[in-house]
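Everything on this sheet refers to the single structure shown next.
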Amino acid sequence: TVRRLAPHATTIFTEVSRLATQFDAINLGQGFPDTDGPESMIEAAVRALRDGHNQYPPGSGIPELRHAIVADETARTGLVHDPDTETLVTVGATEAIAAAVVGLVEYDDEVVVIEPYYDSYVAAVAMAGATRRAARLIRSGGHIRLDVDSLRDAFSPRTRAVLVNTPHNPTGAVLPREDLEEIAALCREFDAIAISDEVYSHLTYDGVEHVSIATLPGMAERTLRISSAGKLLNCTGWKIGWLTGPAHLVEGARTARQYMSFTVASPLQPAVAHALRHEQEWIATLRKDMQDRRDELAGILTGVGFDLVVAQGTYFLTADPGPLGVTDAAAWCLELPEKVGVAAVPFAPFTDAFTDDWSHLVRFAFCKRPEVLAEAGRRLRALA
Ligand code: PMP
Ligand code: GLN
């Protein structure tokens, strides 16, 4: 492995899922739902397989899917993109992130990454050979907010991009408009772009609204917005994502991704297009169901004795195991599958410069059937 990837050798998701399998634990670590997406989407995929959609599709994605993506995004954000020049279908959001960074960031550029981060951001910056600058979120009055001073310190004339993620993995926080305005102001001041990971934009709770940084003044022309069918439609294993933005930025990502995967599995594309067109009600119901799941898991974790950080988006709850006598959350997480039969993910691997702020926390995924959460609860009560 090259030196620049050595710190990213094995993802925490791989490690925790391996332990979950080894000890037959309930996997509340890696975030994936345990029920399928809409029936009509599965049927459309089967039809596409039978109807001969089995050779290379166009590199940017089939036109039908690009049109459906643009329509979905316009309904969510009001943004209007050209399906031909401003839309790129990718192998999950993961490839969209990597292609955006590799295709748009020079070796001598800097990229701002806010901690805690989704782990692929730092690996993407490392693959691009660029320099990472760290900013941070902080806990403030029961909420999670941007530390604006840390962000200002991280920006410089060499800043090419900032990676933005809301609703936020791992914390579950939904960044308020004011925080996004601070990021946008720095992007404009330093002529930087925003690579905005919004894969959980449809999963906000308690009436909290998702704001896309692309909709703020002056940002449409400097933002790539990233989403994923995996999260919208409970098909994380299909690995279909996309990015949208101004043509000059999409072009950079398109150039890079041609040599990563070239394109995305052909029979799955018409199926996702079908679901984006016809299953919006299913997506709206998913949000209500996920809010219920969050409430169930929050009740269970509070009952066991964890301190919770209230999350208003995503699949994830942030828990502090300190009240249970835990002093090393990362080590504790790695023992949990064997000792208790439940898996969770520690925060430490999602931090670097600001490890001290966050490494006492762990992340539990609640995107599971109620009976699975209840069984996890029975097992976790051994800790109480
Ligand atoms: N970004 C975030 C914030 C995520 O949580 C995930 C995975 N759940 C991804 C990107 C990757 O998405 P995909 O599986 O579509 O590659
Ligand atoms: N994005 C999912 C999570 O945060 C899964 C990530 C992965 O397996 N790479 O849990």
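Both ligands and their constituent atoms are indexed starting at 1 by order of listing. All values reported here derive from a predicted model rather than from experimental measurement.
Residue Lys231 touches ligand 1 through its side chain alone, judged by heavy-atom distances below 4.0 Å. Under 4.0 Å from ligand 2, the heavy atoms of Asn169 that appear belong solely to its side chain. Contacts between Tyr118 and ligand 2 below 4.0 angstrom, taking non-hydrogen atoms only, involve the side chain exclusively.
Polar contact with ligand 1: present for Asp197 (N/O pair, distance under 3.5 Å). Remark: ligand 2 and Phe316 share no N or O pair separated by less than 3.5 Å (distance only, no angle test).
Using a 4.0 Å cut-off between charged nitrogen and carboxylate oxygen, Glu189 and Arg152 count as a salt-bridge pair. Arg158 has no carboxylate O lying under 4.0 Å from a charged side-chain N of Asp109, or vice versa, which leaves the two without a salt bridge. Using a 4.0 Å cut-off between a side-chain N of Lys or Arg and a carboxylate O of Asp or Glu, Arg257 and Glu95 qualify as a salt bridge. Ionic pairing of Arg287 and Asp292 is not present here: no N-O contact between side-chain nitrogen and carboxylate oxygen is shorter than 4.0 angstrom. A salt bridge does not link Arg76 with Glu73: none of the charged nitrogens is closer than 4.0 Å to a carboxylate oxygen. We find that Arg47 and Glu43 are not joined by a salt bridge, their nearest charged nitrogen and carboxylate oxygen being 4.0 Å or further apart.
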Q: Tell me, with the steps shown, if Glu198 and Thr166 meet side chain to side chain donor-acceptor pair (under 3.5 Å).
A: CA-CA 6 Å; Glu198 301 179 28; Thr166 182; over 6 Å; no
Q: Might you work through the ring-ring contact (aromatic ring centres under 6.0 Å, His included) test for Tyr315 and Phe32, ending with a clear yes or no?
A: CA-CA 8 Å; Tyr315 288 164; Phe32 59 90; 9.1 Å; no
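Of all the atoms in ligand 1, the ones that sit under 4.0 Å from a non-hydrogen atom of Asn165 are 3 (C). Here is the list of ligand 1 atoms found below 4.0 Å of a heavy atom in Lys239: 13 (P), 14 (O), 16 (O). Applying the 4.0 Å criterion to heavy atoms of Lys231 picks out, from ligand 2, the atoms 1 (N). Counting atoms of ligand 1 from 1 in the listed order, those under 4.0 Å from a heavy atom of Ala93 are 10 (C), 11 (C), 12 (O), 13 (P), 15 (O), 16 (O).
At the shortest separation from atom 11 (C) of ligand 1 among protein heavy atoms lies Thr94 OG1, 3.3 Å. In this structure, atom 9 (C) of ligand 1 lies nearest to the protein heavy atom Tyr118 CE2, 3.5 Å. Remark: minimum distance from atom 5 (C) of ligand 2 to any protein heavy atom is reached at Gln30 CG, 3.8 Å. When hydrogens are left out, the protein atom nearest atom 2 (C) of ligand 2 is Gly31 O, 3.8 Å; that is the closest non-hydrogen contact.
The closest approach between any non-hydrogen atom of Tyr200 and ligand 1 is below 4.0 Å. Ligand 1 lies within reach of Val199, whose nearest heavy atom is under 4.0 Å from it.
Each of Asp352, Asp149, Asp357, Asp153 was scored for a salt bridge (charged side-chain N to carboxylate O under 4.0 Å, His left out) with Arg136, with one residue passing: Asp357.
Arg363 forms a cation-pi arrangement with Phe316, by the criterion of a distance under 6.0 Å to the ring centre and an angle within 45° of the ring axis.
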